[in-house]
Amino acid sequence: MTNQNPSYIDSVVDVVRLIPAGRVTNYGAIADFLALGSARMIGWALNKSGINDPSIPAHRVLNRKGQLTGRLAFKDPDYMERTLTKEGIPIKDNQVQNFELYYWHPEELLDQ
DNA sequence: AATTTGACGCAGC
DNA sequence: AGCTGCGCCAAAT
């Protein structure tokens, strides 16, 4: 392999893969869980690795308001809304309705 | 090498 | 309760 991604990108991808279907989380939660110190790095890391890999459910990562801020980064701008809707999450005007109801935090893994 | 930008979040106003 | 500014860290120019 000519290029190797930094370890924190791999960590972000690993956490995103653990998001259950029908649930969503935000950048800050992952950044806090991984102690990256900056939520900006989450979206950046996913754009670097996630978009290129369809096996990563990057569509379940939103901003703190529950808005689909990353939809333009996808090949199809409607991919996030379409996929989340298919998973049973109501979206209106690029924003998840009842965001708190579907909100998922990585700490829930420790409670299992 | 310095500046700008980005799938963000929070405090202050 | 919404708008603005600042902090955050890495990459691109």
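In this text the structure is predicted, and so the values were computed from the model without any measurement. A, B, ... follow the sequence lines: proteins, then strands. Residue 1 opens every chain.
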Nearest-Å distance for atom pair [atom1]/[atom2], residues [X] and [N]:
{"X": "A:His105", "N": "B:dG9", "atom1": "NE2", "atom2": "P", "result": "11 Å"}
{"X": "A:Asn47", "N": "B:dG6", "atom1": "CG", "atom2": "C1'", "result": "9 Å"}
{"X": "A:Asp32", "N": "B:dG9", "atom1": "CG", "atom2": "P", "result": "11 Å"}

Test side chain to side chain contact (heavy atoms under 4.5 Å, CB included) applied to A:Val61 and A:Asn26, A:Leu46, A:Val24, the passing residue
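Of all the options given, the one that passes is A:Leu46.
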
Just how far is it from atom CZ of A:Arg71 to atom OH of A:Tyr79, taken to the nearest 0.5 Å?
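The distance works out to 15.5 Å.
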
Could you grab the distance from atom OG of A:Ser7 to atom CG of A:Asp14, nearest 0.5 Å is fine?
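Here the rounded value is 12.0 Å.
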
Using the heavy-atom set of chain A and a strict 4.0 Å cut-off, write down the first and last nucleotide of DNA chain C that makes it in, 5' to 3'.
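The contact span of chain A on DNA chain C goes from C:dG7 to C:dA12.
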
Counting just side-chain N and O atoms, does A:Arg71 come under 4.0 Å of either OP1 or OP2 of B:dA7?
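Checking A:Arg71 against B:dA7: no side-chain N or O falls below 4.0 Å of OP1 or OP2.
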
Where A:Arg60 and A:Ile19 come nearest, the two heavy atoms and their spacing:
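It is NH1-O, 2.8 Å.
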
Could I get the full list of side chain to side chain donor-acceptor pair (under 3.5 Å) partners for A:Ser55, not counting sequence neighbours?
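Scan of A:Ser55 (side chain to side chain donor-acceptor pair (under 3.5 Å), adjacent residues dropped) gives A:Arg17, A:Asp53.
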
Answer yes or no: is there a side-chain heavy-atom contact under 4.5 Å between A:Ile89 and A:Asn98?
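The answer is no, as the side chains (C-beta and beyond) never meet within the 4.5 Å cut-off.
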
With heavy-atom distances below 4.5 Å as the criterion, would you say the side chains of A:Ile9 and A:Trp44 are in contact?
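They are in side-chain contact.
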
Using a strict heavy-atom distance below 4.0 Å, which residues from residues 23-30 of chain A are in contact with DNA chain B?
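Within this stretch, A:Asn26, A:Tyr27, A:Gly28 sit under 4.0 Å of the strand.
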
Would you mind telling me which residue lines up with the more 5' stretch of DNA chain C, A:Trp44 or A:Ser38, judged by nearest nucleotide?
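The residue mapped nearer the 5' terminus is A:Ser38.
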
At 4.0 Å (heavy atoms only), tell me whether A:Ala58 reaches a base, stays on the sugar-phosphate, or touches nothing.
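Since a base atom lies under 4.0 Å of A:Ala58, the category is base.
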
At under 4.0 Å between heavy atoms, what does A:Leu72 touch on the DNA or RNA strands: base, sugar-phosphate, or nothing?
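Nothing: the residue A:Leu72, judged by heavy atoms under 4.0 Å, touches no strand.
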
May I ask you to decide whether A:Glu87 forms a salt bridge with A:Arg23, counting only side-chain N to carboxylate O separations under 4.0 Å?
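Salt bridge: no.
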
Interatomic distance at P, C:dG5 relative to B:dT4, whole Å
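Rounded to whole Å, the distance is 16 Å.
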
Check step by step if side chain to side chain contact (heavy atoms under 4.5 Å, CB included) holds for A:Leu62 and A:Gln67.
CA-CA 6 Å; A:Leu62 315 172; A:Gln67 294 175 318; over 6 Å; no

